[in-house]
2 protein chains.
Amino acid sequence: MPGQTLADVLRARGLRLTAQRQLVLEAVLDLGHATPEQIHEKVTCTAAGVNITTIYRTLELLEGLGLVAHTHLGHGAPTYHGAGDRGHVHLVCHRCGKVDEVSPDIFTDVRRKLSDERGFLVDIGHVALFGMCAGCDEEES
Amino acid sequence: MPGQTLADVLRARGLRLTAQRQLVLEAVLDLGHATPEQIHEKVTCTAAGVNITTIYRTLELLEGLGLVAHTHLGHGAPTYHGAGDRGHVHLVCHRCGKVDEVSPDIFTDVRRKLSDERGFLVDIGHVALFGMCAGCDEEES
DNA sequence: GTGTGTGCAAACTATTTGCACGGTA
DNA sequence: TACCGTGCAAATAGTTTGCACACAC
């Protein structure tokens, strides 16, 4: 029950629970991967009149609260997803733009190597791999 | 001698060799990882008056010719590098913004797994991993 | 009632496009 | 000479900021 959690987290910091904040969080969790604009669209379906500015401000807030996280999936459109989804790696197709997810388990070795050899701690929730998906690969030929 | 190559590649497609194109390519190769703006700055040192528009158009052209490639390294700033550098993975520090590189060899297993299990072909030249570098990790505590 | 959150408009950054001139081939 | 490439200005997309009103507490 995300609504509960949101209220709690907000209250704990002396922040206010508003319809917009609930809607934005709900939209993010619901859409899975979404740009601010897509979230705006979704929210607008339920509550017309919510400003895109509010979407940006709310996303920033929710990210600060640790409820959502964002990833850069190319060109420049950041996409947001629930922070509970931490631990999924994005596969982005260059050709069709489709975004898929895989378990971060396949990264275990890479993480260890980078940590040992470089002291670099990979943030799995923020990883995106670009390439070509199965469908587009077939068409390619 | 990239200049030679550039001339050849351009001629082969009936395109023209211009000072701007040479300068942009040189800047990209020289800077290693650079945003369009940084490239513009660099080019401007040598030849003032080159328009940022030209930088964008030239980068697009050079990328089409396979001479340079770009990667998204966060927030939305695309960075360009020589296509000959194909096969390096970027490590981007969330904290200090530093960009490091590692050999793509560490990705061999991941690539194979994704290819086998998902049919997804990872474009190594386009990979960026986010996280925290050794230096920032020490300061963090 | 008080102060935070929102909407609106404008500013800003990054990038793209249209058009006329200049330079390469 | 012919046409590509460039510079300039304006358009566009994405995001941020300032300010006044409204609503959660």
Side-chain angles (χ1 to χ4, degrees), chain A residues 3-4 6-25 27-28 33-44 46-65 67-68 70-80 97, chain B residues 3-4 6-28 34-44 46-65 67-68 70-80 97:
Chain A
Q4 278 292 78
L6 175 61
D8 292 344
V9 173
L10 288 173
R11 202 174 307 132
R13 307 223 185 177
L15 299 171
R16 295 176 185 175
L17 178 64
T18 64
Q20 286 89 334
R21 288 176 178 175
Q22 293 178 61
L23 288 167
V24 169
L25 178 56
V28 170
H33 296 286
T35 62
E37 200 178 347
Q38 291 170 323
I39 293 165
H40 182 218
E41 230 172 281
K42 170 90 178 173
V43 168
T44 299
T46 311
V50 175
N51 199 282
I52 184 72
T53 302
T54 300
I55 304 293
Y56 281 105
R57 283 195 278 228
T58 303
L59 286 172
E60 191 183 345
L61 176 77
L62 294 177
E63 187 157 27
L65 294 175
L67 296 175
V68 307
H70 80 278
T71 308
H72 295 283
L73 261 36
H75 42 288
T79 69
Y80 287 79
Chain B
Q4 279 290 79
L6 175 60
D8 293 343
V9 174
L10 288 173
R11 201 175 307 132
R13 307 222 185 179
L15 299 171
R16 295 174 185 176
L17 178 64
T18 64
Q20 287 88 335
R21 288 176 177 174
Q22 294 178 59
L23 287 167
V24 169
L25 178 57
E26 194 183 315
V28 170
T35 62
E37 200 178 347
Q38 291 171 323
I39 293 165
H40 182 218
E41 229 172 282
K42 170 90 179 172
V43 169
T44 298
T46 312
V50 175
N51 199 283
I52 184 73
T53 302
T54 300
I55 304 294
Y56 281 107
R57 283 195 277 228
T58 303
L59 286 172
E60 192 183 346
L61 175 78
L62 294 177
E63 186 156 29
L65 294 175
L67 296 175
V68 306
H70 80 276
T71 308
H72 295 283
L73 261 36
H75 44 287
T79 69
Y80 287 79

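Proteins come first, then strands; the chains are lettered A, B, ... in the order of their sequence lines, and each starts at number 1.
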Proximal nucleotide (of C:dT6, C:dT15, D:dT6) relative to the B:Tyr56 side chain: C:dT15
Expected output: side-chain A:Arg16 to main-chain A:Leu10 donor-acceptor under 3.5 Å: no
Main-chain N/O of A:Thr35 paired with A:Gln38 side-chain donor or acceptor, under 3.5 Å: yes
Criterion side-chain contact (heavy atoms from CB on, under 4.5 Å) against B:Val50, the qualifying member of B:Ile39, B:Thr58, B:Val24, B:Val43: B:Val43
Closest approach of A:Leu65 to A:Arg13 (non-hydrogen atoms, all atoms of both residues): CD2-NE, 3.6 Å
Between P of D:dG14 and CG of A:Leu59, the distance in whole Å: 15 Å
Sugar-phosphate only, base, or nothing, as touched by A:Arg57 at under 4.0 Å among non-hydrogen atoms: base
Below 4.0 Å: OP1/OP2 of C:dG23 and any side-chain N or O of B:Arg16: no
Listed nucleotide nearest any side-chain atom of A:Gln20, set C:dT6, D:dT17, C:dA25: C:dT6
Between P of C:dA11 and CD1 of A:Ile52, the distance in whole Å: 20 Å
Residue-phosphate contact under 4.0 Å: A:Thr54 side-chain N/O, C:dT6 OP1/OP2: no
B:Thr18 side chain near D:dT6 phosphate (N/O to OP1/OP2, under 4.0 Å): yes
Sugar-phosphate, base or nothing in reach of A:Gly14, heavy atoms under 4.0 Å: nothing
Interatomic distance where CD belongs to B:Glu37 and P belongs to C:dT13 [whole Å]: 10 Å
Nucleotide D:dC23, atom C1' - distance to CD of A:Gln22 in whole Å: 14 Å
Side chain B:Glu63, main chain B:His70, donor-acceptor under 3.5 Å: yes
Sugar-phosphate only, base, or nothing, as touched by B:Thr53 at under 4.0 Å among non-hydrogen atoms: base
Sugar-phosphate, base or nothing in reach of B:Leu15, heavy atoms under 4.0 Å: sugar-phosphate
Candidate nucleotides D:dT15, C:dT15, D:dG7, ranked by approach to the side chain of B:Asn51 - the nearest: D:dG7
